[in-house]
Q: 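Can you keep this structure in mind? I'll have questions shortly.
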Number of protein chains: 2
Amino acid sequence: MQGELISVAQRLFGEHGYEDTTVDAIATAAGMSRRSFFRYFSSKEELVLGKYELVGEQLQDALQARPDDEPLWDALQAMFAAISGKAVPDASAQTVHAIERVVEESPSLRAGYLYRLDVMQRLLVAEARDRAVRAGVPYAEDDPTPEALVGSAFACMTAARTVAASAEASWEDTVARAMGVIRHDPYRNTSRR
Amino acid sequence: MQGELISVAQRLFGEHGYEDTTVDAIATAAGMSRRSFFRYFSSKEELVLGKYELVGEQLQDALQARPDDEPLWDALQAMFAAISGKAVPDASAQTVHAIERVVEESPSLRAGYLYRLDVMQRLLVAEARDRAVRAGVPYAEDDPTPEALVGSAFACMTAARTVAASAEASWEDTVARAMGVIRHDPYRNTSRR
DNA sequence: GCCAAAGGTGGCACTGTGTGTCACGTAAGA
DNA sequence: TCTTACGTGACACACAGTGCCACCTTTGGC
């Protein structure tokens, strides 16, 4: 039923855009009442972005799977590589692309997407701190390192996703390239090394 | 009048929280109608986050003020250092702190804040690309470098702001420390170098 | 001093999202 | 067969945001 609603909604979003498609229109098109729609999704945004909720846990699992003594940056790169094209767990590449187009189109959806990324990052920062402790580093509350590295890794991943759209390289290579920018040459001016 | 509304609103937000404070309550407390409120602010969110709009332009100016041949990472660090505690242009440190607490409390505000940060970053990515061109680098659309570096710089700045709350060090030093994590040791596991 | 144009304001009606509540029907289980 | 539980539709409601109009005050020309 949820999948039915999603596919109906995606079609309507494609025709009229996200903002101009009312919940009423989606529910009616799917043959149910507005009230029932909200029993399947807590909000219109949730219908589009709900699948991203799972990604956070997957990333956390992927990071936990890396050895504690592996450098954090390497572990984060492996983590991103592990969930192929990242986005949504099941969903086809086409579906993912459709979702991305809708998100790109609407500021409020974009905001919700960024919020979910932010939640993931907080999860992973906590995990990164735990790793450090397990590796024997004394806990320092005012150390910006975990947050800086996790946040930077996400920034590189996002940059990788931007260029991955029109790239023929594999996701692993694309991520490695983006994260390599930081890895090899943080000083770099795009002109000279 | 806008300032009046903001201070009234901040008081109410402190008492009942952002979500549970209706526009009606703010307007009434400020002695005007709901309709008039929306003539001063296009939305309730805008009342809280509106001041951030200016920051993007300030950052762009600050980056443009740096020489084209300066390494991008250095230029970004100088840019962040230039706008002291970052946040809002005028506003006192107390006001900024009050705003941050409210934003932290509400997911929808947090989402709006992240969206505004994202818009700033896009502005700066474009500026970084221009710098590169001015410095004589051939334009490569699929180069993730500008987005990766700008995004990482923002991640470090955010990490700096997190620890800056309880730090006695200057903002410049705190930013330098957070950005130095990337600068010196992207490989770093928080345990060993 | 008088009148007209302009701008700020309140009131009202309306759309759309999201929630609480209740009543109905149907299917599963005793 | 009775009943319990669940999915559903149908309200009513709160709140954000918009469009429209009528009013009033201020400003400026005559």
Side-chain angles (χ1 to χ4, degrees), chain A residues 1-53 99 102-116 119, chain B residues 1-53 99 102-116 119:
Chain A
M1 203 72 254
Q2 301 209 354
E4 167 73 6
L5 278 169
I6 289 176
S7 73
V8 165
Q10 284 290 359
R11 180 171 58 76
L12 293 176
F13 292 158
E15 291 171 12
H16 312 109
Y18 175 77
E19 314 282 1
D20 291 342
T21 303
T22 66
V23 171
D24 216 288
I26 301 169
T28 303
M32 69 177 64
S33 71
R34 213 178 70 90
R35 194 64 189 83
S36 285
F37 174 95
F38 285 109
R39 290 195 178 94
Y40 290 106
F41 296 101
S42 61
S43 71
K44 195 166 88 168
E45 183 183 292
E46 185 68 14
L47 178 142
V48 181
L49 300 179
K51 297 204 168 176
Y52 285 103
E53 310 279 291
I99 291 178
V102 174
V103 172
E104 198 60 27
E105 173 217 351
S106 155
S108 77
L109 273 185
R110 176 80 184 162
Y113 171 73
L114 292 170
Y115 179 76
R116 282 163 171 79
V119 171
Chain B
M1 203 72 253
Q2 302 209 355
E4 167 74 6
L5 278 170
I6 289 176
S7 74
V8 165
Q10 284 291 359
R11 181 170 58 77
L12 292 176
F13 292 159
E15 292 171 11
H16 313 108
Y18 174 77
E19 312 283 0
D20 291 343
T21 303
T22 66
V23 171
D24 215 290
I26 300 169
T28 303
M32 70 176 63
S33 71
R34 213 177 71 92
R35 193 66 190 80
S36 285
F37 173 95
F38 285 109
R39 290 198 178 93
Y40 289 105
F41 295 100
S42 61
S43 69
K44 196 168 87 168
E45 183 183 291
E46 184 67 15
L47 178 143
V48 180
L49 300 179
K51 298 205 167 178
Y52 285 103
E53 309 280 289
I99 292 177
V102 174
V103 172
E104 197 60 28
E105 175 218 349
S106 155
S108 77
L109 274 185
R110 175 84 184 160
Y113 170 73
L114 293 169
Y115 178 75
R116 283 163 171 79
V119 171

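Residue numbers start from 1 in every chain, and the chains themselves are labelled A, B, ... in the order their sequence lines are given, proteins ahead of strands.
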Q: Do Tyr113(A) and Arg110(A) come close enough that some side-chain heavy atom pair is under 4.5 Å?
A: yes
Q: Students should find this one: the first and last nucleotides of DNA chain D, 5' to 3', lying under 4.0 Å from a heavy atom of chain B. What are they?
A: dC15(D) to dC20(D)
Q: Rounded to the nearest 0.5 Å, how far does OG of Ser42(B) lie from CZ of Phe37(B)?
A: 9.0 Å
Q: Mind checking whether Phe13(A) and Leu47(A) have side chains closer than 4.5 Å, heavy atoms only?
A: yes
Q: Could you identify which residues of residues 9-24 of chain A place a heavy atom less than 4.0 Å from some atom of DNA chain D, listed by residue number, or say none?
A: none
Q: Would you compute the distance between atom CE of Met32(A) and atom CZ of Arg39(A) and round it to the nearest 0.5 angstrom?
A: 10.5 Å
Q: Report yes or no: is the cationic atom of Lys44(A) (NZ for Lys, CZ for Arg) under 6.0 Å from the centre of the six-membered ring of Tyr18(A), at an angle within 45° of the ring normal?
A: yes
Q: Please report the shortest heavy-atom distance between Glu105(B) and Pro107(B), naming the atom on each side.
A: O-CD, 3.6 Å
Q: So which protein nitrogen or oxygen atoms get under 3.5 Å of nucleotides 6-10 of chain C's nitrogens or oxygens?
A:
residue, atom, partner, partner atom, Å
dT9(C), OP1, Tyr40(B), OH, 3.3
dT9(C), OP2, Tyr40(B), OH, 2.7
dG10(C), OP2, Ser33(B), N, 3.2
dG10(C), OP2, Ser33(B), OG, 2.9
dG10(C), OP2, Ser36(B), OG, 2.2
dG10(C), N7, Arg39(B), NH1, 3.4
dG10(C), O6, Arg39(B), NH2, 2.7

Q: Mind checking whether Ser7(A) and Gln10(A) have side chains closer than 4.5 Å, heavy atoms only?
A: no
Q: Write down the distance between NZ (Lys44(A)) and P (dT15(C)), rounded to a whole number of angstrom.
A: 16 Å
Q: Are any non-hydrogen side-chain atoms of Phe41(B) and Ile6(B) less than 4.5 angstrom apart?
A: yes
Q: Which value, rounded to the nearest 0.5 Å, describes the distance between Arg34(B) atom CZ and Ile26(B) atom CD1?
A: 11.0 Å
Q: I need the single residue from Glu19(B), Glu104(B), Glu45(B) that forms a side chain to side chain contact (heavy atoms under 4.5 Å, CB included) with Leu109(B). Which is it?
A: Glu45(B)
